[in-house]
Amino acid sequence: MMTDLHDTLLTLDTHIDIPWPDRGDFGEDTATRQVDLPKMKKGGLKAVCLAAYIPQGRRNALGRDQAWHRVQEMLSVITFLPQNAGADEARICRTAAELRTAVAAEQWAILPAIENGYAIGDDVERIRTLYDMGARYMTLTHNGHNDLADAAIPRTDLDDPASLHGGLSPLGRDVIRIMNECGMLVDISHASRDTMLQAVELSRAPIVASHSCARALCDHPRNLDDHQLTRLAESGGVVQVTAMSSFLKPSREGRANVDDLATHVAYIAERVGIDHVGVSSDFDGGGGIVDWADAGQSANVTRALSNKGFSSKEIAQIWGGNFIRVLERAEEISAA
C-alpha cells in the first residue's frame, strides 16, 4: 500500500519558511501554519529545511544592518524551536549524518537555512558566523539584486536595472568560496540565469536549487531552463521541484496539483537523471497546491510520484536522498 511505502521513506522538504515574528506555536496544530510538528507527524514528513527569509531592501548601510540583525534573530528562533515547542522529539541537525540519525531515532529533523545572501551585507566573514549558528544552505539572492549577485526577478521599486553585476559580483565570488570552505550549500533558487551559470562554474561543491521548477514546462523567470538543468546536474547538484502553483503551470490554467509537481519531477529526471531532482513545498512562504496544501498531506506527493512510474528506490531519492547526498558531498569538500 502507498501509505506503507511513504512511512518507510526519509521524507525531507528542503524549503519551508517560518512565520515572522515568531508566534511560539510550532508545537501546536495551528490553523495558520502550513508546517508545525502535528502536521509533520500526520503527513509523515520526517525532516525539513527551515529558512530564515530576509526580504531584499536597499543596498545601503541601514538595509544591510537590518538584514544582518534579522537573520541572526531568525536563526536563533529556528535553532531553539524544539525547546520552545516543548517537543523533545524534534532535533536541530548540523550534518547529513545527524539528520539520518535523528530520523532513525524517530525524531523530527530540522536543518536551518537562509533565504537571501543580502543577510550578510558586504561582509563575507559573516558566512562563517551563520554556519556556526547552524545554517547549511543559503540562496544567493531573493527577488531583487543584492551585493552578491543578480536576481532572476529585479525589483523596480528598489531601482534595480535589468542586470546589476552581470551575474556574480566580486563579493559574490568570495562568498561562494567561503561557503565551500565551510560546507554550506550554494542555493541558486531566485538567482538570475547568469548568476546561476557562473556559480556552477565557480563552486567546488555541487549546486542546489532548493525551490525551483522546469522552465520548459512553465515559462517563469524563477524556473531553470534545459541548459541550466544540464549544468546543475554536471555539478552533481539537485533541483528541488517546488509546490508553487505559478512555477508549475500558467495561472490561466488554474491552480496546480500534485500531479503537476510530479510531471516536473519526471521531466527533470528524464532530462538530466534521477540523481538530480527532489521536491520541496515553499510552505509558509507562498507554496501550496491542490492535495499538498500543508505538511499533513505529504503522502499525496508519494502517491503522485508512484503514479508517474517512479520506483520505491527512486521515490526515496526524490524525497530526500539526493539532497542529503549533495549535503554530504559539500561536507567532504569542506573537510578536504
Side-chain angles (χ1 to χ4, degrees), residues 12-15 49 115 137 139-143 151-153 185-200 206-283 285-292 300-311 314-315 317-323 325-326:
L12 168 62
D13 182 340
T14 60
H15 193 81
C49 294
E115 187 168 22
Y137 78 67
T139 70
L140 295 174
T141 70
H142 191 256
N143 297 333
I153 300 176
L185 289 171
V186 177
D187 183 355
I188 52 77
S189 285
H190 283 287
S192 73
R193 188 176 191 273
D194 286 342
T195 296
M196 180 270 174
L197 293 174
Q198 291 168 20
V200 169
I207 294 289
V208 301
S210 66
H211 57 304
S212 297
C213 300
R215 193 155 188 174
L217 300 185
C218 183
D219 188 15
H220 191 288
R222 274 279 286 102
N223 288 341
L224 304 182
D225 64 32
D226 286 351
H227 180 63
Q228 289 176 284
L229 292 174
T230 297
R231 293 296 295 120
L232 181 141
E234 289 172 349
S235 83
V238 60
V239 54
Q240 303 291 115
V241 173
T242 196
M244 181 71 75
S245 183
S246 61
F247 298 174
L248 293 169
K249 62 192 297 185
S251 57
R252 65 180 179 276
E253 297 180 9
R255 191 176 175 211
N257 58 35
V258 288
D259 293 328
D260 296 309
L261 181 135
T263 296
H264 278 252
V265 173
Y267 177 87
I268 294 170
E270 182 175 358
R271 185 83 192 182
V272 298
I274 190 65
D275 293 342
H276 305 291
V277 64
V279 290
S280 67
S281 67
D282 206 1
F283 284 152
I289 54 179
V290 176
D291 292 328
W292 200 25
N300 290 335
V301 176
T302 300
R303 185 174 295 107
L305 293 171
S306 181
N307 289 342
K308 282 292 179 185
F310 290 108
S311 68
E314 290 170 332
I315 293 172
Q317 287 182 261
I318 294 164
W319 249 127
N322 288 335
F323 186 89
R325 183 199 72 246
V326 171

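All values below were derived from every heavy atom in this structure, side-chain atoms included, with hydrogens, water molecules and symmetry-related copies excluded. Since this is a predicted model, take the numbers as computed values, not measurements.
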Could you check whether any side-chain heavy atom of [X] comes within less than 4.5 Å of a side-chain heavy atom of [Y], counting everything from C-beta outward?
X    : Y    : answer
K308 : V265 : no
E115 : H211 : yes
C49  : L12  : yes
I207 : R231 : no

Notebook entry, point to check: Are the side chain of D291 and the backbone N or O of N300 linked by a donor-acceptor pair below 3.5 Å?
Noted result: no

Next item on the list: Output yes when a side-chain donor or acceptor of H264 lies under 3.5 Å from a complementary backbone atom of L248, and no otherwise.
Entry: yes

Margin query: Going by side chain to side chain contact (heavy atoms under 4.5 Å, CB included), name the residues that satisfy it together with T141, two or more places apart in sequence or in a different chain.
Written below: N146, A149, A151, H190, A191

Interatomic spacing from [atom1] in [X] to [atom2] in [Y] - rounded to 0.5 Å:
X    : Y    : atom1 : atom2 : answer
F323 : H15  : CZ    : NE2   : 11.0 Å
S192 : I153 : OG    : CD1   : 11.5 Å
L305 : I318 : CG    : CD1   : 5.0 Å
C218 : M244 : SG    : CE    : 11.5 Å
L229 : Y267 : CG    : OH    : 7.0 Å

Item checked: Sequence neighbours excluded - side chain to side chain donor-acceptor pair (under 3.5 Å) pairs with any residue from residues 235-258 ->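 Qualifying pairs: T14-Q240, T242-S280.
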
Restricting to non-hydrogen atoms, name the atom on [X] and the atom on [Y] that form the minimum distance, rounded to 0.1 Å.
X    : Y    : value
A209 : L224 : CB-CD1, 4.1 Å
I289 : A243 : CG2-O, 3.5 Å
R222 : F247 : NH2-CE1, 3.5 Å
V326 : G236 : CG2-O, 3.5 Å
M196 : Q228 : CE-O, 3.2 Å
V301 : L261 : CG1-CD2, 4.2 Å

Expected list for residues 270-279: side-chain donor-acceptor pairs under 3.5 angstrom, two or more places apart:
from : atom 1 : to   : atom 2 : distance (Å)
R271 : NH1    : D226 : OD2    : 3.3
D275 : OD1    : Q317 : NE2    : 2.7
H276 : ND1    : G237 : O      : 2.7

Margin query: Would you say S281 and W292 are linked by a side-chain donor-acceptor pair, where the criterion is simply a distance under 3.5 Å?
Written below: no

Note to self: Name the residue from I188, L185, L232, N322 that meets the side chain to side chain contact (heavy atoms under 4.5 Å, CB included) definition with V208.
What the structure shows: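 Only one of I188, L185, L232, N322 forms a side chain to side chain contact (heavy atoms under 4.5 Å, CB included) with V208, namely L185.
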
Next item on the list: Kindly determine whether S212 and S189 satisfy side-chain hydrogen bond (donor to acceptor under 3.5 Å, both in side chains), including the steps that lead there.
Entry: CA-CA 6 Å; S212 297; S189 285; 2.8 Å; yes

